[in-house]
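Comments concern the structure below.
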Amino acid sequence: MPTAVLTDRERTAVQAYLRLLHTVRATLDGPPDAAPAMVPPGVLAEADRALGGAGLTGNEDEFFELLRAWCP
């Protein structure tokens with residue numbers, strides 16, 4: 001199994017993305033008759049800052065390759 005060695009900034013970006021993903025899933029798992037789902041803006045901002053800090057803004061292919069390698 002291949003291992004990926006991420007920089008601190010890349011790891012931060014992956015972790016922020018995973019927090020965003022879990023938040024979105026939790027938001028959408030509510031009852032069907034609940035109020036419209038909303039993801040807190042702070043969670044989105046954290047992911048944006050982390051991606052920018054890792055130099056991955058606008059480079060989704062590279063980011064998702066890192067994500068697949070680190071968290072299959």
Extract all donor-acceptor atom pairs below 3.5 Å that involve side chains of residues 46-58 and protein atoms in other chains or at least two apart in sequence.
residue, atom, partner, partner atom, Å
E46, OE1, R19, NE, 3.4
E46, OE2, R19, NE, 3.1
E46, OE2, R19, NH2, 2.5
T57, OG1, G52, N, 3.3

Applying ring-ring contact (aromatic ring centres under 6.0 Å, His included) as the test, list every pair that has at least one member in residues 11-32; sequence neighbours left out.
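Non-adjacent pairs meeting ring-ring contact (aromatic ring centres under 6.0 Å, His included): Y17-F63, Y17-F64.
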
Suppose the criterion is ring-ring contact (aromatic ring centres under 6.0 Å, His included): which pairs have a residue in residues 33-57, not counting sequence neighbours?
none

Atom pair CZ (R11) and OG1 (T7), whose distance is rounded to the nearest 0.5 Å:
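R11 atom CZ to T7 atom OG1 measures 7.5 Å (nearest 0.5 Å).
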
Test of understanding: with side chain to side chain donor-acceptor pair (under 3.5 Å), list the residues that count as partners of D61, not counting sequence neighbours.
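Residues passing side chain to side chain donor-acceptor pair (under 3.5 Å) with D61: none at all.
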
Suppose we screen for side chain to side chain contact (heavy atoms under 4.5 Å, CB included). Which residues come up paired with T23, at least two apart in sequence or across chains?
T27, V39, P40, V43

